[in-house]
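Quick note on labels: first sequence line is chain A, next is B, and so on, each numbered from 1.
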Number of protein chains: 2
Amino acid sequence: MLFDSVAIVGVGLIGGSIGLATKTRNVARSVIGVGRNPATLTRAQELGALDEWSTDLVQGVRTADVIVVCSPVDHIARQILEAATAAKPGAIFTDAGSTKANIVRRVEAELPEHVVFLGSHPLAGSEKQGVEHARADLFVNRVCVLTPTENTPPPTQERVTAFWEALGMRVNYLSPEEHDLALATTSHLPHLIASLLANQLPEAWADYAATGFRDTTRIASGDPVLWAAIARENAEALNDTLTAFGDRLDELRAAVATKNTDELIRLLTTAKKVRDDLGN
Amino acid sequence: MLFDSVAIVGVGLIGGSIGLATKTRNVARSVIGVGRNPATLTRAQELGALDEWSTDLVQGVRTADVIVVCSPVDHIARQILEAATAAKPGAIFTDAGSTKANIVRRVEAELPEHVVFLGSHPLAGSEKQGVEHARADLFVNRVCVLTPTENTPPPTQERVTAFWEALGMRVNYLSPEEHDLALATTSHLPHLIASLLANQLPEAWADYAATGFRDTTRIASGDPVLWAAIARENAEALNDTLTAFGDRLDELRAAVATKNTDELIRLLTTAKKVRDDLGN
């Protein structure tokens with residue numbers, strides 16, 4: 001077995017799925033869940049995602065080799081630093097946050113020396129939240145981005161890589177800053193734009209929202225509080241990304257207003273190529 | 001049987017599916033396809049969507065009770081007017097175009113008096129084009145918008161309603177202008193926005209485009225020429241819709257730039273409610 005004990009802080013869709021995958025794939029002997037709500041933790045244990053649980057962060061992480069913090073992005077750094085004081089020497093901290101630069105910067109500045117940290121972002125999820133939707137195969141063939149810095153010990157990078165690969169993921173490496181820029185474009189922008197589109201639908205026209213509208217706005221069903229935190233944590237990169245999107249929108253508006261068919265076909269053709277290349 | 005003979009002009013995904021559904025559900029004794037490409041028409045016949053076919057529009061529609069024109073939106077009015085000269089007295093023309101005001105305005109102005117016309121828009125489709133993807137159940141439980149005007153004879157409205165209902169659709173009625181405004185918001189805007197998002201993805205970041213990006217951009221795989229024609233035909237309504245979207249984007253950018261959590265949560269919460277209410 002890769003690890004003796006894994007602690008998961010925040011047992012929702014992602015944390016619960018990490019627990020299920022860790023148990024199902026025999027990645028660790030024992031999985032400990034840490035959260036605030038005993039009912040949720042009990043349910044996670046019933047579902048087979050946890051061996052034991054605690055509502056006390058410091059207590060819960062004490063014996064773990066690896067601690068994966070799956071909380072909302074604006075809680076991650078604080079929880080890692082709080083848990084680190086109680087973790088055993090050599091314990092590895094990582095996380096599942098959708099933003100990285102803020103978290104990595106703060107944790108690297110303040111982490112005690114007896115533990116190590118490497119930021120992770122497993123690109124898996126769903127607009128369905130909560131441990132009830134957790135799945136052992138949520139991570140299979142998905143990409144996990146690790147964000148090492150010049151402070152990351154190579155053995156830590158190897159161990160964290162091995163952990164996510166053991167859950168079935170393909171691991172990539174980006175700097176925290178490049179991660180945040182890339183994800184602003186590939187995840188945070190689409191989420192906000194999907195929400196704008198949903199907000200533009202009057203109730204009277206809901207009957208005319210067919211497959212295209214439904215696909216395009218599906219992620220707007222995500223948790224507003226989680227996504228507001230992501231937008232705030234990644235505000236700088238997202239700002240640049242929104243500006244670039246606004247420029248593209250202005251070009252499009254000009255092409256529609258002037259009925260410029262060549263320009264519309266050019267724009268739609270490049271988009272079709274990008275999307276076709278992604279596959280389903 | 002509801003009709004003796006139905007002619008379908010333009011046998012792609014929509015026209016082919018109308019043929020299959022008409023045959024499967026015994027809506028007409030005979031289905032005649034009209035198109036430009038003999039190979040496509042032969043294939044449609046092999047798939048069971050057509051009884052016979054012609055590459056000659058005037059020849060193909062001569063015996064039909066109902067003629068459904070499923071061509072790109074910028075060809076529909078012209079084809080109806082051309083076919084009308086050869087159609088038998090009392091023949092009913094309708095179409096499957098995604099825009100209505102331009103088509104209805106022109107056809108009503110120029111249609112010969114021995115035939116009738118009522119605009120239709122069956123809200124069904126796929127980013128997959130072509131008769132190979134045609135399905136007899138494409139229309140089941142979907143909405144079809146009919147766009148009657150003060151010139152539409154009530155019996156025509158009843159017959160066209162009966163036709164789409166026989167294919168499994170729910171029929172709604174809007175004026176051509178309201179149809180175009182509604183569809184600008186529910187279909188044309190999302191398509192163009194999905195294309196902008198796809199165009200903003202650098203190839204190097206394709207690995208980081210997960211489910212959210214894929215859902216949000218799926219319709220960008222649609223046919224660029226068809227969609228450019230739709231944008232041009234519905235340019236006025238789309239212009240207003242894009243302006244409203246631009247205003248929403250400006251509000252969002254301000255909320256991100258100022259890290260205004262309350263405003264972000266408000267925006268995301270209303271969007272979640274709209275999207276949750278739509279269901280899958």
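Residues satisfying the side-chain hydrogen bond (donor to acceptor under 3.5 Å, both in side chains) criterion with Asp240(B), sequence neighbours excluded, are absent altogether. Arg78(B) is linked by a salt bridge (charged side-chain N to carboxylate O under 4.0 Å, His left out) to Glu82(B), counting only residues two or more places apart in sequence or in another chain.
Using non-hydrogen atoms only and a strict 4.5 Å limit, no part of residues 132-140 of chain A faces chain B. Using non-hydrogen atoms only and a strict 4.5 Å limit, the part of residues 161-176 of chain B facing chain A consists of Arg170(B), Asn172(B), Leu174(B).
Nearest approach of Ile76(A) to Gly97(A), heavy atoms of both residues: CD1-CA, 3.6 Å. Summarising the geometry of Ser221(B) relative to Arg275(A), their closest heavy-atom pair is OG-CG, 3.4 Å, with the distance given to 0.1 Å. For the residue pair Cys70(B) and Gly10(B), the shortest heavy atom distance occurs at CB-O, 3.4 Å. Taking all atoms of both residues into account, the shortest heavy-atom contact from Leu268(A) to Ala228(B) is CD1-N, 3.5 Å.
Proximity to chain A involves both the backbone and the side chain of Thr269(B), based on heavy atoms less than 4.5 angstrom apart. When heavy atoms are compared at a cutoff of 4.5 Å, Arg142(A) approaches chain B solely by way of its side chain, counted from C-beta outward. In this structure, chain A has no heavy atom under 4.5 Å from any part of Glu251(B). Using a 4.5 Å cut-off between heavy atoms, Leu123(B) contacts chain A through both its backbone and its side chain. For a residue to count as touching a neighbouring chain, one of its non-hydrogen atoms must lie under 4.5 Å from one of that chain's; by this rule Val145(B) touches chain A with the side chain only. Contacts between Ser187(A) and chain B at a heavy-atom distance below 4.5 Å are absent for every atom of the residue. Of the atoms belonging to Thr241(B), heavy atoms from both backbone and side chain fall under 4.5 Å from chain A.
Among the candidates Ala231(B), Ala229(B), Ala210(B), Ala235(B), the residue making the largest number of heavy-atom pairs closer than 4.5 Å to chain A is Ala235(B). In terms of non-hydrogen atom pairs under 4.5 Å with chain A, the most contact-rich of Thr258(B), Thr216(B), Leu249(B) is Thr216(B). No other option in Val274(A), Asp262(A), Asp250(A) has as many heavy-atom pairs under 4.5 Å with chain B as Val274(A). Top candidate by heavy-atom pairs under 4.5 Å with chain A, chosen from His191(B), Glu203(B), Lys273(B), Glu236(B), is Glu236(B). Heavy-atom pairs under 4.5 Å with chain A were tallied for Ala209(B), Ala255(B), Gly279(B), Pro202(B); the largest tally goes to Ala209(B). Of the listed residues (Arg232(A), His121(A), Arg266(A)), the greatest number of heavy-atom pairs within a distance under 4.5 Å of chain B belongs to Arg232(A). Interface summary for chain A: among Leu192(B), Asn234(B), Val225(B), the most heavy-atom pairs under 4.5 angstrom belong to Leu192(B). Between chain A and the options Asp277(B), Leu238(B), Leu183(B), Leu267(B), the largest number of non-hydrogen pairs under 4.5 Å is found for Leu267(B). The greatest number of non-hydrogen atom pairs below 4.5 Å with chain B, out of Pro224(A), Ala198(A), Ser195(A), Ala257(A), is found for Pro224(A). The choice from Lys259(A), Glu178(A), Glu233(A) that makes the most heavy-atom pairs within less than 4.5 Å of chain B is Lys259(A). Considering only heavy-atom pairs separated by less than 4.5 Å from chain B, the leading option among Gly246(A), Ala124(A), Pro190(A) is Pro190(A).
In this structure, CZ on Arg248(B) lies 12.0 Å from CD1 on Ile193(A), to the nearest 0.5 angstrom. One distance of note links CD1 of Ile265(A) with NZ of Lys272(A); it measures 13.5 Å at 0.5 Å rounding. The CD1 atom of Ile219(A) lies 9.5 Å from the OG1 atom of Thr211(B); values are rounded to the nearest 0.5 Å.
Residues Leu226(A) and Gln129(A) meet the side-chain proximity criterion, which asks for heavy atoms closer than 4.5 Å. Residues Leu197(B) and Phe245(A) form a side-chain contact, since some pair of their non-hydrogen atoms from C-beta on lies under 4.5 Å apart.
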Next item on the list: Could you go through the side chain to side chain contact (heavy atoms under 4.5 Å, CB included) check for Thr261(A) and Leu264(A) one step at a time?
Entry: CA-CA 5 Å; Thr261(A) 304; Leu264(A) 287 167; 5.5 Å; no
Next item on the list: Go through Arg218(A) and Asp215(B) one step at a time and tell me if the salt bridge (Lys or Arg N to Asp or Glu O under 4.0 Å) criterion holds.
Entry: CA-CA 7 Å; Arg218(A) 183 160 293 115; Asp215(B) 278 351; 3.7 Å; yes
Note to self: Could you go through Leu146(B) and His179(B), starting from their C-alpha distance and side-chain angles, then the distance that decides it, and tell me whether this counts as side chain to side chain contact (heavy atoms under 4.5 Å, CB included)?
What the structure shows: CA-CA 9 Å; Leu146(B) 305 191; His179(B) 168 277; over 6 Å; no
Margin query: Would Glu263(A) and Leu252(A) count as a side chain to side chain contact (heavy atoms under 4.5 Å, CB included) here? Give the steps.
Written below: CA-CA 8 Å; Glu263(A) 175 64 10; Leu252(A) 168 69; over 6 Å; no
Notebook entry, point to check: Hey, mind stepping through Gln200(B) and Leu189(A) against side chain to side chain contact (heavy atoms under 4.5 Å, CB included) and telling me if it holds?
Noted result: CA-CA 10 Å; Gln200(B) 199 159 334; Leu189(A) 175 70; 3.9 Å; yes
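No side-chain donor-acceptor contact under 3.5 Å links Thr99(A) and Asp180(A). No side-chain donor from either of Thr152(B) and Gln157(B) sits under 3.5 Å from a side-chain acceptor of the other.
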